[in-house]
Amino acid sequence: MRPTLFIGILLILFSGLIHIATDLSFGQPATTDLDDYFLRHAQEHTGANNVVTSVVFDFRAFDTLGEATVLFTAVLGVGILFRKLHPGEEYEHD
Amino acid sequence: MNMTKIVRTTADVLYPFCLVFGLYIVAHGHLSPGGGFQGGSVMATGVALLIVSRSYTAILQRIRKEALKLCEAIGLLMFLVAALSGLYIGGSFLHNWLAGAGGLFGTPVAFGPNPGTFNTAGVVPILNLAVGLEVLGGLAVILLYMLSGLRENTP
């Protein structure tokens with residue numbers, strides 16, 4: 001692909017994204033019911049003064065369990081990648 | 001390979017402070033900004049400090065890889081046990097049955113803006129501790145594995 005064509009496509013995509021982004025209304029969410037509920041009731045439901053932690057570890061704790069599992073799987077993958085090779089076992093391209 | 005004596009001594013002095021500060025962030029996750037992931041990362045930074053200052057064989061004499069792996073497994077198991085205890089006692093997965101119950105982490109909290117007390121929030125500090133342990137073990141084990149893949153020129 002020629003560089004001028006590439007730059008042209010990139011500019012068209014970028015201007016399109018900018019055009020979309022200017023139409024968005026930042027700071028004015030469509031519904032705020034759930035946010036208000038968390039802010040009003042987090043303290044009495046969980047007892048935690050930090051509302052962010054009460055969301056992450058109580059209201060959405062299942063998501064945190066998934067994150068912990070992702071980290072565990074990542075460690076597993078790194079462990080497999082850097083394992084000790086048995087004598088005689090070599091990589092295919094060697 | 002080993003760094004100079006200045007770097008090694010500085011790492012040795014800063015290492016316990018990193019661990020203590022990370023533990024503080026983990027333990028006060030329900031009161032102040034921070035939590036399990038952030039505090040565990042800070043604790044793993046202490047291990048990383050040791051790693052950049054010493055050779056691989058010298059690190060393995062200081063910290064044991066098996067202990068870190070155990071840390072990680074215990075963290076995830078602790079999370080699952082706390083979650084399943086909510087299912088058993090409270091009736092739903094990850095139910096916060098300790099909050100406001102009066103026992104461990106069960107002091108009723110005053111509503112509105114207040115500094116708070118440590119003994120609140122029920123299951124949340126336990127989950128924080130579990131995630132902190134897991135992140136510490138996971139990140140440190142990843143760093144140690146990647147260091148073991150290097151071919152070092154030991155003088």
Side-chain angles (χ1 to χ4, degrees), chain A residues 24 26-94, chain B residues 28-37 40 68-69 72-73 75-76 79-80 82-83 86 93-96 98-101 105-117 119-128 130-131 134-135 137-149:
Chain A
L24 290 176
F26 289 108
Q28 294 158 350
T31 55
T32 58
D33 299 343
L34 202 59
D35 314 351
D36 292 340
Y37 179 81
F38 282 151
L39 285 177
R40 292 215 182 89
H41 299 284
Q43 225 173 2
E44 57 176 309
H45 281 185
T46 69
N49 272 0
N50 190 347
V51 177
V52 176
T53 303
S54 73
V55 170
V56 170
F57 282 97
D58 196 301
F59 292 113
R60 300 284 180 264
F62 196 62
D63 184 63
T64 308
L65 176 60
E67 284 179 46
T69 316
V70 164
L71 185 69
F72 194 82
T73 317
V75 173
L76 205 65
V78 174
I80 289 171
L81 191 64
F82 285 93
R83 72 191 184 277
K84 272 184 192 143
L85 293 174
H86 294 296
E89 184 185 358
E90 290 290 339
Y91 293 112
E92 284 183 6
H93 57 77
D94 278 347
Chain B
H28 287 249
H30 56 294
L31 298 177
S32 59
F37 284 99
L68 290 171
K69 282 181 196 167
E72 198 202 354
L76 196 56
F79 199 107
L80 282 174
F93 196 64
L94 282 162
H95 185 257
N96 198 345
L98 278 172
F105 295 124
T107 308
V109 67
F111 296 139
N114 59 334
T117 53
N119 199 19
T120 54
V123 185
V124 175
I126 299 173
L127 297 183
N128 260 324
V131 170
E134 203 218 327
V135 171
L139 292 186
V141 162
I142 283 180
L143 284 173
L144 279 176
Y145 269 131
M146 291 195 166
L147 188 66
S148 75

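None of the values given here were measured: they were computed from a predicted structure.
When each of B:L144, B:V123, B:V124 is scored by its heavy-atom pairs under 4.5 Å with chain A, the top score falls to B:V124. Chain B forms the most heavy-atom pairs under 4.5 Å with one residue out of A:T46, A:T64, A:V56, A:V51, and that residue is A:T46. The most heavy-atom pairs under 4.5 Å with chain A, out of B:V131, B:L31, B:N128, come from B:N128.
Contact detail for B:E72 and A:L71: the closest heavy-atom pair is OE2-O, 4.2 Å. B:L76 approaches A:A68 most closely through the heavy-atom pair CD1-CB, 3.8 Å.
Note that CG of A:L81 and CE of B:M146 are 7.5 Å apart. Values are rounded to the nearest 0.5 Å. Distance CZ/A:F59 to CG/B:N96: 9.0 Å, rounded to 0.5 Å. A:T69 contributes atom OG1, which lies 7.5 Å from atom CD of B:E134 (distance to the nearest 0.5 angstrom). A distance of 11.0 Å separates CG of B:L94 from CZ of A:F57, quoted to the nearest 0.5 Å. Rounded to the nearest 0.5 Å, atoms CG (A:N50) and OG1 (B:T120) are 10.5 Å apart.
Of the two parts of B:Y145, the backbone and the side chain both hold a non-hydrogen atom closer than 4.5 Å to a non-hydrogen atom of chain A. With a 4.5 angstrom heavy-atom cutoff, B:L127 touches chain A via backbone and side-chain atoms both. Residue A:S54: no heavy atom, backbone or side chain, is found under 4.5 Å from chain B. Of the atoms belonging to B:L80, it is side-chain heavy atoms, and not backbone ones, that fall under 4.5 Å from chain A. When heavy atoms are compared at a cutoff of 4.5 Å, B:V135 approaches chain A by way of both its backbone and its side chain.
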